[in-house]
Structure formats: structure tokens, C-alpha cells
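Below is one structure, written out as C-alpha cells; comments come after it.
Note that the structure is predicted; figures quoted are calculated from it, not measured.
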Amino acid sequence: MNKIKVKEITAENFKEFGSFTDFMNPDGYSLGDFYQDRLRMHNSGKMQMTFSPLLVRRPEKMIVNMAEYHNYTQEGVLCLDDDVIIHVAPAGKEPVPECTEAFYVPQGTMVLLHTGVWHLSAIPVKKELAHVMIVLPERTYANDCVVVEYPEEKWMEIEM
């Protein structure tokens, strides 16, 4: 099984996949204690943006055996109570599991994935159960979500 080493997330190494901001330790220009417009998420204007709770459980092993992407929207991911690992691969219609990368995302850091980037759920690092907020246009899971299961020979294990 292929192995993927987790990387610390930085603006430089994550720019192909999206952007992020640390809500727990904001910096830069602000209006007093208000750090405005740190992430910009486009939407088609046809659907409302929704904020959905996602409960994720830490697996015994971090195996990547599937991924999803969205054709018409970005996806926001914010873990509220644990550090998480996210795995991503470059945007495209065909899956590219061999290009998968894994990033360590500190608690309270919101990740905004570019449209088309292959990904799946965040994986808790320290806790058995993590609470994650997902930001997507309404019903994206039903009308703009392509999920692909990888053949077993393409599965990967994420290592810390």
C-alpha cells in the first residue's frame, strides 16, 4: 500500500488545492477585533450557502480508498474541537489518487477547497470524535458531488 506523509499546511504548499485561515489566531489588517474577509467563497448565486455539522470518528488506520469533488462550488471545512488531517488531489474529472497529498490542519483553521479538488472527510488527530463544520451551497451533496472508490491497489495510508 502506498504511504502518504502528512505535511504542515502552508499558503505555499496548499495554494493548488485552496486557501485557509486560522480563526483562533487571526493576524493582519483588522477593524479592531474584527478580521474581515479572510476567506472568499464563490457560489453560483442560485443556492443558499449552508453550514452543516459533520461528526467524524478517528479510524484505526488513515486509509484513503475514495474521494469526491464538486463541479460548481468550493467547500469550506472548519474543525471546531481537534486538529485534523485532510487529504486532497488536484482538480479534474478523472481521479488522480497517485497525486494525493495530506495536510495537518490545526483546530480552528478553516480550509476552503477549490472547485474540483478531490477530497473526502477530515480525519481527527487526537480525539475519537471531532466536530466539523462544512460550508456548501444547499443540497450540493445531492446535485454536485462526484464520489469515486479507488481500486484496492491505489489505496493509500496516511502517516503522521
Side-chain angles (χ1 to χ4, degrees), residues 1-30 33-43 49-70 73-92 95-137 140-141 144-148 150 155-160:
M1 183 175 302
N2 292 322
K3 306 285 185 181
I4 302 172
K5 191 77 174 159
V6 173
K7 303 174 184 178
E8 177 183 346
I9 192 168
T10 67
E12 182 61 30
N13 71 10
F14 196 70
K15 67 183 175 186
E16 176 181 2
F17 307 109
S19 56
F20 64 95
T21 194
D22 183 346
F23 279 87
M24 305 305 285
N25 303 291
D27 63 359
Y29 179 76
S30 67
D33 288 335
F34 177 55
Y35 293 80
Q36 71 282 3
D37 304 334
R38 289 303 182 253
L39 292 175
R40 291 170 175 85
M41 183 174 183
H42 72 83
N43 87 43
M49 296 304 291
T50 64
F51 300 82
S52 302
L54 171 64
L55 305 178
V56 289
R57 289 165 178 74
R58 189 175 68 218
E60 188 174 315
K61 290 185 174 186
M62 292 185 278
I63 305 296
V64 178
N65 59 6
M66 61 191 311
E68 70 177 31
Y69 75 92
H70 312 292
T73 189
Q74 297 176 282
E75 180 170 333
V77 179
L78 172 63
C79 190
L80 303 170
D81 59 356
D82 196 4
D83 298 343
V84 293
I85 305 297
I86 60 167
H87 63 84
V88 292
V96 284
E98 64 279 2
C99 297
T100 300
E101 296 185 49
F103 293 92
Y104 191 99
V105 181
Q107 174 183 337
T109 299
M110 184 168 193
V111 173
L112 187 57
L113 299 173
H114 290 318
T115 302
V117 167
W118 289 93
H119 64 282
L120 209 58
S121 181
I123 303 167
V125 172
K126 300 171 188 164
K127 296 184 175 186
E128 291 298 318
L129 177 70
H131 298 83
V132 177
M133 179 174 61
I134 301 296
V135 182
L136 285 167
T140 296
Y141 53 87
D144 181 23
C145 188
V146 177
V147 180
V148 173
Y150 298 146
W155 289 11
M156 298 148 277
E157 182 175 1
I158 298 173
E159 297 180 326
M160 294 289 288

Heavy atoms of other groups near M160 CE, more than 12 under 6.0 Å
yes
OG-CG distance between S19 and L39, expressed to the nearest 0.5 angstrom:
5.0 Å
Give, for atom CG of D81 and atom NZ of K126, the distance between the pair rounded to the nearest 0.5 Å.
11.0 Å
Tell me whether the count of non-hydrogen atoms from other residues, nucleotides or ligands lying under 6.0 Å of CD in E98 goes above 12.
yes
What is the ring orientation for H70 with H119, classed by angle as parallel under 30°, tilted 30 to 60°, or perpendicular over 60°?
tilted
To the closest 0.5 Å, what do you measure between CD1 (I134) and OG1 (T140)?
11.0 Å
Tell me every residue that passes ring-ring contact (aromatic ring centres under 6.0 Å, His included) with Y69, counting only those two or more places apart in sequence or in another chain.
W118
For residues 34-43, pull every pair meeting salt bridge (Lys or Arg N to Asp or Glu O under 4.0 Å), keeping only residues two or more places apart or in separate chains.
none
I'd like to check the side-chain hydrogen bond (donor to acceptor under 3.5 Å, both in side chains) partners of D33; sequence neighbours left out, ordered by chain and number.
none
Would you sort out whether M1 and I63 count as a side-chain contact (heavy atoms from CB on, under 4.5 Å), showing the intermediate values?
CA-CA 9 Å; M1 183 175 302; I63 305 296; 3.5 Å; yes
W155 side, atom CH2; N65 side, atom CG - distance, nearest 0.5 Å
5.0 Å
Gap between atom CG of L120 and atom CD1 of I86 - 0.5 Å precision
11.5 Å
Can you list every salt bridge (Lys or Arg N to Asp or Glu O under 4.0 Å) pair that touches residues 54-63, not counting sequence neighbours?
R58-E128
Can you list the steps and then say if F103 with F17 is a side-chain contact (heavy atoms from CB on, under 4.5 Å)?
CA-CA 11 Å; F103 293 92; F17 307 109; 4.0 Å; yes
Under 3.5 Å: donor-acceptor pair, side chain of D82, backbone of K127:
yes
Step through the shown structure and confirm whether more than 12 heavy atoms of other residues, nucleotides or ligands are within 6.0 Å of CD on E12.
no
Please step through side-chain contact (heavy atoms from CB on, under 4.5 Å) for the pair I158 and V64, ending with a clear verdict.
CA-CA 7 Å; I158 298 173; V64 178; 3.6 Å; yes
Between E157 and K3, does at least one N-O distance fall below 4.0 Å, as a salt bridge requires?
yes
If I take atom OG1 from residue T100 and atom OH from residue Y150, how far apart are they, to the nearest 0.5 angstrom?
4.5 Å
What's the shortest heavy-atom distance between S121 and V56, and which atoms?
OG-CG1, 2.9 Å
Could you pull out every donor-acceptor pair under 3.5 Å between side chains of residues 104-115 and any protein atom, sequence neighbours left out?
unit_1	atom_1	unit_2	atom_2	d
Y104	OH	D83	OD2	2.6
Q107	NE2	L80	O	3.2
T109	OG1	P106	O	3.1
H114	NE2	K15	O	3.1
H114	NE2	G18	N	3.4
T115	OG1	H42	NE2	2.9
T115	OG1	T73	O	3.2

Just to verify, what does N2 make a side-chain hydrogen bond (donor to acceptor under 3.5 Å, both in side chains) with, not counting sequence neighbours?
none
Can you find a heavy atom in the side chain of L55 that is under 4.5 Å from one in the side chain of H131?
yes
Verdict with supporting geometry, Q36 and Y29, side-chain contact (heavy atoms from CB on, under 4.5 Å)
CA-CA 8 Å; Q36 71 282 3; Y29 179 76; 3.0 Å; yes
